[in-house]
Amino acid sequence: MTDVPDTMLAIDPAEAGGPEVLVPERRPVPVPGDGEVLVRVAAAGVNRPDVMQRQGSYPPPPGAPSTLGLEIAGEVVALGEGVDPDMLGQRVCALIAGGGYAEYAVAPAGQCLPVPDALTLEEAAAIPETLFTVWTNLFERAFAVEGDTVLVHGGTSGIGTMAITLGNLFGLEVIVTVGSPEKQAAALRLGADHAIDYKQEDFVARVKEITNGRGCAAVLDMVGGDYVPRNLQCLAEDGRHVSIAVQRGASATVPLFEIMKRRLTLTGSTLRARDAGFKALVTEEIVRTVWPFATAGRLKPVMDRSFPFAQAADAHRRMEEGSHVGKIVLTMG
């Protein structure tokens, strides 16, 4: 164990509210339990669930810290029982259930990825949440394979840009939707095969046009609500629809006979509440299949902006305002 103080700065607002509640305060440094490591945090990713938790609409799952932050990167400075001693001093990034907006955070050892020389710690902190989400939903639940055409909404979000990146690495044809000509240009520049400005065009008609009427193999949807029946119109026969968020509503009316006739699959998942065993299995799979691209410098997150830890409120304002392209990160300095 290296020198670790008793207290640290952390962002753990007592009340829900606007960005102004994100004020660093003194908290005890957490102690790693069995199978866990303590990380001195260099950077933490900012994600939509953080905003929802701050607003009071997304409480942390049982047992998770109330401190915000679902992904971190930094140096392992202490080990819990049963952790490989070689992890001490390693640079890692990790998916965690909470606690990332802090100078120190605990992570399950099984959810840590070694940070290769090709990535800065800021870049590494911007990867776990979107990588795990896109990998488990687009590649595992939607079974996307080389040659498939997929539709991803929110093309310039953290999820969207990661889907473009992985799609390019694994041979997918990626269609994204975006909300402005600027974001359309950004998505194409980042490697999307097609970018549809949904404010100017009907994405259903455009997908049919792009695919010569066949439709796409999978839709990755974070919108929900009235988008779901429209998404189903974009699917080819035997297509898969995966829901990962419900920004426009948690209910949808769907045409059951159409689903039966065309053998469509509707599925979805949430990641945060899944147990550590599941996340460790996903981590192992990512280490095997995706992480070699990170080591080779071919898997990098699209970075929007970094904010100093004390300016977390500004980072949340940036996310809520919606003009960001890629990931927003807090740095500990």
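Keep in mind that the numbers below use all heavy atoms, side chains included, and drop hydrogens, waters and symmetry copies. The chain is numbered in sequence order, starting from 1.
Listed by first and then second residue, the ring-ring contact (aromatic ring centres under 6.0 Å, His included) pairs involving residues 106-148 are W135-F139, W135-F170, F139-F170 (not counting sequence neighbours). For the ring-ring contact (aromatic ring centres under 6.0 Å, His included) condition, no pair includes a residue of residues 20-78, sequence neighbours left out. Residue pairs meeting the ring-ring contact (aromatic ring centres under 6.0 Å, His included) criterion with at least one member in residues 220-247, sequence neighbours excluded, are H153-Y227, F203-Y227.
Contact of the E320 side chain with the V51 side chain is registered, since non-hydrogen atoms from C-beta on lie closer than 4.5 Å. Counting heavy atoms from C-beta outward, L119 and P301 have side chains that approach closer than 4.5 Å. Side-chain contact between V39 and V92: present, with at least one pair of heavy atoms (C-beta onward) separated by less than 4.5 Å. Between R318 and I328, the closest side-chain pair of non-hydrogen atoms falls below 4.5 Å. I244 has its side chain within reach of L220: a pair of non-hydrogen atoms, C-beta onward, lies under 4.5 Å apart. Residues L151 and T177 have side chains in contact (heavy-atom distance under 4.5 Å, counting atoms from C-beta outward). Looking at heavy atoms from C-beta onward, L188 lies out of side-chain contact with H194 at the 4.5 angstrom threshold. Looking only at side-chain heavy atoms (C-beta outward), W291 and L113 come within less than 4.5 Å of each other.
Cluster annotation: L68 is connected to F307 through the hydrophobic network of ILVMFWY side chains, with a link wherever side-chain heavy atoms come within less than 4.5 Å. Taking hydrophobic clusters as Ile, Leu, Val, Met, Phe, Trp and Tyr residues chained together by side-chain heavy-atom distances below 4.5 Å, L256 shares a cluster with V219. V178 and M303 fall into different hydrophobic clusters, where Ile, Leu, Val, Met, Phe, Trp and Tyr residues are linked whenever their side-chain heavy atoms come under 4.5 Å apart, directly or through other members. Cluster membership check: M162 does not share its hydrophobic cluster with V329, using side-chain heavy-atom separations under 4.5 Å among Ile, Leu, Val, Met, Phe, Trp and Tyr. Residues I72 and I286 are members of separate hydrophobic clusters, defined by side-chain heavy-atom contacts under 4.5 angstrom among Ile, Leu, Val, Met, Phe, Trp and Tyr.
The backbone N or O of V325 lies less than 3.5 Å from a partner atom in the side chain of D304, making a donor-acceptor pair. Remark: side-chain polar atoms of D84 are not paired, donor with acceptor, to backbone N or O of M87 under 3.5 angstrom. Using a distance-only test at 3.5 Å, with no hydrogens or angles considered, a donor-acceptor pair links the side chain of Q111 to the main chain of L95. Side-chain atoms of D148 come within 3.5 Å of backbone N or O of V145 as a donor-acceptor pair. A distance-only check finds no donor-acceptor pair linking the side chain of N47 to the backbone of P49 [under 3.5 Å]. Side-chain atoms of T161 do not come within 3.5 Å of backbone N or O of G326 as any donor-acceptor pair.
Listed here is the closest heavy atom pair of G99 and A102: O-CB, 3.7 Å. Across V176 and A187, no two heavy atoms sit closer than the pair CG2-CB, 3.8 Å. Residues M8 and P28 approach most closely at CE-O, 3.6 Å, considering heavy atoms. Nearest heavy-atom pair across A252 and G225 is CB-O, 3.4 Å. In terms of heavy-atom proximity, V115 sits nearest to A124 at CG2-CB, 3.7 Å. When every heavy atom of L121 is checked against every heavy atom of G74, the shortest pair comes out as CD2-N, 3.9 Å.
With values rounded to the nearest 0.5 angstrom, K327 atom NZ is found 5.0 Å from T130 atom OG1. Considering OG1 of T7 and CZ of R26, their distance stands at 4.0 Å, rounded to 0.5 Å. Interatomic distance, D221 CG to N231 CG, rounded to the nearest 0.5 Å: 4.5 Å. T133 OG1 to L271 CG: the interatomic distance, rounded to the nearest 0.5 Å, is 5.0 Å. Taken from CE in M319 to CD in E321, the straight-line distance is 11.5 Å, to the nearest 0.5 Å. To the nearest 0.5 Å, atom CG of residue L131 and atom OG1 of residue T165 are 10.0 Å apart.
Remark: the E122 side chain and the T120 side chain contain no N/O donor-acceptor pair separated by less than 3.5 Å. Judged purely by distance below 3.5 Å, without hydrogens or angles, the side chains of N137 and S269 pair a donor atom with an acceptor atom. No side-chain donor from either of R240 and T265 sits under 3.5 Å from a side-chain acceptor of the other. A donor-acceptor contact under 3.5 angstrom links the side chains of Q53 and R272, judged on distance only.
A salt bridge links R248 with D226; the closest basic N to acidic carboxylate O contact falls under 4.0 Å. Between D197 and K183 no salt bridge is recorded (no basic side-chain N to carboxylate O distance below 4.0 Å). Contact check on R288 versus E284 returns no salt bridge, with no Lys/Arg side-chain nitrogen under 4.0 Å from an Asp/Glu carboxylate oxygen. Under the 4.0 Å criterion applied to side-chain N and carboxylate O atoms, E237 and R263 are assigned as salt-bridge partners. Checked for salt-bridge contact, E201 and R206 meet the test: a charged N lies under 4.0 Å from a carboxylate O.
In E146, the CD atom is not crowded: 12 or fewer heavy atoms of neighbouring residues, nucleotides or ligands sit closer than 6.0 Å.
Remark: of the listed residues V76, V31, V29, V29 is the sole one forming a side chain to side chain contact (heavy atoms under 4.5 Å, CB included) with L38. Just one of R54, E20, Q55 meets the side-chain hydrogen bond (donor to acceptor under 3.5 Å, both in side chains) condition when paired with H316; it is R54. Remark: of the listed residues D50, D12, T67, D50 is the sole one forming a side-chain hydrogen bond (donor to acceptor under 3.5 Å, both in side chains) with Y101.
Through side-chain heavy atoms spaced under 4.5 Å, either directly or across other Ile, Leu, Val, Met, Phe, Trp or Tyr residues, V23 is tied to no other residue. Under a 4.5 Å side-chain heavy-atom criterion applied to ILVMFWY residues, the cluster that includes V246 comprises that residue alone.
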- T136 vs E285, side-chain contact (heavy atoms from CB on, under 4.5 Å): CA-CA, chis, key distance, verdict: CA-CA 10 Å; T136 54; E285 194 175 324; over 6 Å; no

- Query: What's the verdict on side-chain contact (heavy atoms from CB on, under 4.5 Å) for S306 and L330, showing C-alpha distance, side-chain angles and the deciding distance?
  - Reply: CA-CA 6 Å; S306 296; L330 299 179; over 6 Å; no

- Query: Run the side-chain contact (heavy atoms from CB on, under 4.5 Å) check on D275 and F278 step by step: do they pass?
  - Reply: CA-CA 6 Å; D275 63 40; F278 170 79; 3.5 Å; yes

- Item | V150/I175 under side-chain contact (heavy atoms from CB on, under 4.5 Å): CA gap, chis, key distance, verdict | CA-CA 6 Å; V150 299; I175 307 170; over 6 Å; no

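In this view, T149 and E173 satisfy the side-chain hydrogen bond (donor to acceptor under 3.5 Å, both in side chains) rule, not counting sequence neighbours.
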